[in-house]
Visitor: 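Quick one: the structure is below, and I'll ask about it shortly.
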Amino acid sequence: MKKIISAAIAGIVVLSSAFAKPDKGKEDSMYRLNPLPYQYSALEPVLDAQTLMYHHDKHQAAYVNNLNAALQKEPNFNHKPALVDLISDLDSVPESIREAVRNNGGGVFNHEFYWNGLTPNKPEIPKILSEALCQSFGSVENFKSQMAAAAVGVFGSGWAWLCLDPSTGKLKIVKTRNQDTPMNCSCQCAKGLIPIFCIDVWEHAYYLQYKNLRAKYLESIWDIVDWEKICRRYCAALKDKSILM
Ligand code: MN
């Protein structure tokens, strides 16, 4: 059973039952590393166990630790308990730690969103989602190639996102740099968009397996997309601008 745990900016709400939030009873200001939603080897051969282990246990863990370390430097900052609210409202974060919260808070959110959009189960694309993709991109294949092109085109490190534009009801592809998210990206093209799927194109996401061949990683990733989850996220975003983890 999913429940609403927070309300973010611009009426965006987050639906989640498993989302990084402060540890209760330990220290109120601590965020935690949630476990992967599947085993390290579950996404093979597209993403191997070593890639997932390093990506989750080392890279994502470092974002969690660095986020907590930054927040501890400002003990008087009474930050928002839900991570998505914290990173969506960076103006409320003390300037001394704002950049660290942007980068590391984004790093935690983006990775959880990424893992939760992948699955070893090879679901079919639900009709409601394939129709939405066709309406916005002409066809599902067009969507895949435009998303891959956006991801290949991220200069340096960053993310490609499929989002709903609630003002038009259409789906849109955007890119963010570093660990920015559509909710805090300074680029105006992401303003007000609700994320429903993302692809990590930092080298650490694919380099152990694909080396410099980012395009090959992007060709393969479609075999592990959780289309049912993406569809649920699409429906939640459409219904009330919710971000479903
Ligand atoms: Mn990553």
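Computed from heavy atoms alone, side chains included, the values below leave out hydrogens, waters and symmetry copies. Atoms within a ligand are numbered from 1 in the order they appear, just like the ligands themselves.
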Visitor: If you round to the nearest 0.5 Å, how far is OH of Tyr217 from OH of Tyr207?
Guide: 15.0 Å

Visitor: Which distance, rounded to the nearest 0.5 Å, do you find between the CH2 of Trp227 and the CG of Leu133?
Guide: 6.0 Å

Visitor: If I take the Mn ion (ligand 1) as the centre, what angle separates the NE2 atom of His204 from the NE2 atom of His55? Nearest 10 degrees is fine.
Guide: 100°

Visitor: From His111, does some N, O or S atom reach closer than 2.8 Å to the Mn ion (ligand 1)?
Guide: yes

Visitor: Quick one: CG on Leu36 to CE on Met53, what's the gap to the nearest 0.5 Å?
Guide: 9.5 Å

Visitor: Among the N, O or S atoms that Asp200 has, which is closest to the Mn ion (ligand 1)?
Guide: OD2

Visitor: When you compare the side chain of Trp161 with that of Asp180, does any pair of heavy atoms fall below 4.5 Å?
Guide: no

